[in-house]
Amino acid sequence: METQTVLEARNIIKNLGGNTVLRGVSIALNKGDIKVLIGPSGSGKSTLLQCLNLLHIPEGGSLLLDNKPVNFKNKSELYQLRQKVGMIFQEFNLFDHLSAKENVSISLRKVKKQGRKEAAKRAEIELQRVGLDDKMNLYPAQLSGGQKQRVSIARALAMDPEVLLLDEPTSALDPELISEVLVVIRDLAKNGMTMLMATHQISFSAALAHEFVFMEDGIITEHGSPKELLAENATSRTKDFCAKIAELTGEQA
Amino acid sequence: MVDFFNPIIEALPYMVSGLWITVALVIGSMGLGLIVGVPFSALKVYGHPLIRKFIGLYVWFFRGVPVLVLFYLFYFGLLSWLAQISFLSFLPFNNAFFAAALVLGLTTGAYQTQIFKGAILALSPGQLKAARALGMSDFQAIKTIILPQALRFSLPAWSNEYSIILKDSALAYVIGVAELMSRTRSVAAITHKPLQLTLFAGLIFFVLTFIGVKGLKALEKKVKIKGYAQS
Ligand SMILES: Nc1ncnc2c1ncn2[C@@H]1O[C@H](COP(=O)(O)OP(=O)(O)OP(=O)(O)O)[C@@H](O)[C@H]1O
Ligand SMILES: [Mg+2]
């Protein structure tokens with residue numbers, strides 16, 4: 001089967017606060033790929049994800065969307081890319097003054113210039129998909145963390161992204177709320193959504209991911225299928241790291 | 001007793017027309033302050049460093065110089081000079097009301113810039129990031145996500161600013177604006193009854209403050225974000 005590259009980063013370099021946080025990172029996502037970013041705190045996972053939708057403009061390297069290079073300096077190319085590359089944040093980042101439904105429809109109206117009715121209709125569909133049929137008119141302050149994250153997923157999906165970037169989508173959640181978000185992510189995976197996710201949910205993502213990408217100190221040091229990296233007889237940094245997380249969280253890796 | 005109130009009753013029509021000038025002056029300057037303050041606060045936070053510097057200077061100047069001094073400086077200085085420039089002659093630079101509204105508007109504009117800026121900075125930075133991540137331009141994100149929230153949170157301070165500008169408007173008599181206070185003084189000079197008339201003027205200012213603050217409180221309640229614990 002022919003593979004189609006959706007998003008590719010080549011040799012990305014990013015400086016923040018005088019430090020080189022990304023020191024030449026390359027990664028490619030083919031259609032339907034599910035890759036998981038893991039690595040110690042401060043290794044540059046969030047920075048990489050934000051470079052991939054140009055919330056951070058890299059100092060070096062290139063970005064290709066559907067095999068076409070993106071010009072970072074061209075504002076309209078920038079906005080185009082961001083529409084096609086959805087992003088889920090650890091802290092949800094819902095718009096506090098808008099209801100769940102408006103959170104989803106606002107970008108349809110403002111960015112995609114859809115009519116009020118059409119946008120509202122789409123918002124309802126997306127919120128139903130994440131199981132929030134009965135919460136559509138509630139405001140962020142009236143929702144639980146798990147519900148907020150599901151709204152933010154609906155908000156991203158409404159834009160019909162080609163890729164979804166998820167930055168520790170469950171890390172800010174109380175333990176009992178994590179699974180409701182993971183269920184949604186698993187559904188997305190089932191439906192073939194291309195995803196790159198930073199997470200500490202090792203066992204969940206091992207079951208889902210085609211590839212684990214291990215970052216350390218601003219570069220990718222290991223990558224491979226979770227199966228081979230975590231195999232009984234494997235000796236990988238990834239495996240050590242996952243074992244450490246398992247120890248900390250009490251999760252069975 | 002009737003004698004005591006008589007001067008007020010006689011002066012009433014004259015003072016009420018001054019009241020309308022006061023109201024117009026306050027609405028005009030608060031409006032100008034809003035027109036200046038909203039974009040300036042956003043530019044102060046998100047703008048180019050040079051623009052931020054310029055706005056900083058503007059705020060510093062209008063916060064540092066007393067309103068009374070500004071009235072003289074503008075009316076007898078800057079504006080009378082501008083009035084001599086022929087291609088600007090369509091603007092009413094020699095009009096005292098115009099000068100007063102400009103001075104009060106730019107003054108409250110400086111304070112309103114600070115108020116809105118504080119509210120913008122108090123919002124979680126993640127919301128702007130999320131808006132950008134959805135493909136909104138910075139202008140769209142600030143207009144549809146940031147400002148609607150920042151303006152809501154600014155209402156209590158804005159209401160405070162209203163009561164300050166209302167009181168400051170009484171200083172406009174120094175350049176001859178026929179507002180409430182200036183009319184009170186001229187009637188008092190003729191009738192020699194300054195106490196009653198000044199008390200009455202004070203009462204009117206009090207009522208104006210009361211109405212404005214109540215109205216803004218009602219607005220605050222009306223636009224309150226649901227689920228938010230806000231006083
Ligand atoms: N705005 C910033 N200014 C300066 N330094 C920054 C900034 N943001 C991140 N950094 C630094 O860049 C490095 C990488 O940060 P990043 O958030 O990408 O790591 P991470 O892998 O996502 O970590 P975590 O697992 O804690 O989320 C860290 O050393 C961090 O201190
Ligand atoms: Mg991170």
Side-chain angles (χ1 to χ4, degrees), chain A residues 46 49-50 52-57 75-100 102-113 135 137-144 148 151-152 155-161 164-165 167 172, chain B residues 34 38 41-43 45-49 51 115-158 216 218-231:
Chain A
S46 299
L49 289 173
Q50 295 190 31
L52 290 179
N53 70 351
L54 297 177
L55 282 178
H56 282 318
I57 307 293
K75 285 256 191 253
S76 86
E77 280 190 38
L78 205 94
Y79 300 147
Q80 279 296 313
L81 174 111
R82 289 180 186 159
Q83 283 182 52
K84 292 183 179 154
V85 181
M87 180 105 185
I88 303 299
F89 300 89
Q90 182 176 342
E91 302 293 343
F92 331 124
N93 296 344
L94 292 187
F95 308 133
D96 286 332
H97 63 309
L98 300 176
S99 68
E102 291 162 338
N103 258 279
V104 180
S105 63
I106 186 89
S107 52
L108 295 176
R109 287 175 44 216
K110 300 295 167 182
V111 179
K112 295 210 156 174
K113 310 290 183 201
K135 309 283 184 214
N137 294 314
L138 294 186
Y139 285 74
Q142 300 169 314
L143 298 171
S144 74
K148 282 189 217 179
V151 173
S152 97
R155 179 173 70 176
L157 292 178
M159 295 297 286
D160 292 317
L164 204 54
L165 308 174
D167 193 358
Chain B
L34 196 63
V38 169
S41 60
L43 287 168
V45 177
Y46 303 112
H48 186 275
I51 294 175
I115 291 170
F116 301 146
K117 184 190 111 184
I120 290 173
L121 291 175
L123 297 176
S124 63
Q127 295 190 58
L128 182 63
K129 221 179 228 186
R132 282 181 176 148
L134 289 162
M136 285 192 208
S137 68
D138 283 9
F139 180 78
Q140 279 177 323
I142 290 167
K143 188 174 144 221
T144 57
I145 307 300
I146 302 299
L147 286 177
Q149 296 182 60
L151 292 180
R152 278 181 171 90
F153 295 134
S154 297
L155 268 171
W158 203 82
L216 288 168
L219 178 64
E220 194 187 325
K221 273 221 178 84
K222 190 168 150 24
V223 300
K224 182 175 176 283
I225 296 168
K226 293 212 186 65
Y228 240 77
Q230 206 185 323
S231 63

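Convention: sequence-line order gives letters A, B, ...; per-chain numbering from 1. Computed from a predicted structure; not experimentally measured.
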For the atom pair CD (Gln127(B)) and CG (Asp96(A)), what is the distance rounded to the nearest 0.5 Å? 4.5 Å
Taking side chain to side chain donor-acceptor pair (under 3.5 Å) as the test, write out the residues that go with Asp167(A), two or more places apart. Ser46(A)
Most chain B-contacting option - heavy-atom pairs closer than 4.5 Å, from Leu98(A), Ile106(A), Leu94(A): Leu94(A)
Rounded distance (nearest 0.5 Å) linking atom CG of Asn53(A) with atom CZ of Arg132(B): 11.0 Å
Once you round to the nearest 0.5 Å, how far does CD1 of Ile145(B) lie from CG of Asn103(A)? 7.5 Å
Minimum heavy-atom separation for Gln140(B) and Lys110(A), please, with both atom names. NE2-O, 2.9 Å
Leu134(B) to Ala156(A) - nearest heavy-atom pair and separation: CD2-CA, 4.4 Å
Taking all heavy atoms of Phe95(A) and all of Ala130(B), pick out the closest pair and write down the distance. CE2-CB, 4.1 Å
Between Ala133(B) and Phe89(A), the two heavy atoms sitting closest are CB-CZ, 4.0 Å
Need one label for Gln50(A): side chain, backbone, both or neither, based on atoms under 4.5 Å from any heavy atom in chain B. side chain
At a heavy-atom distance under 4.5 Å, which candidate from Pro140(A), Ser107(A), Ala158(A) has the highest pair count against chain B? Ser107(A)
Above 12 or not: heavy atoms from other molecules or residues under 6.0 Å from NZ of Lys112(A)? yes
His97(A) side-chain N/O to Thr144(B) backbone N/O, donor-acceptor pair under 3.5 Å: yes
Which heavy atom of Asp138(B) sits nearest to which heavy atom of Tyr79(A), and what is that distance? N-OH, 3.9 Å
Heavy-atom pairs under 4.5 Å with chain B are the metric here; pick the option from Met159(A), Lys84(A), Arg155(A) that has the most. Arg155(A)
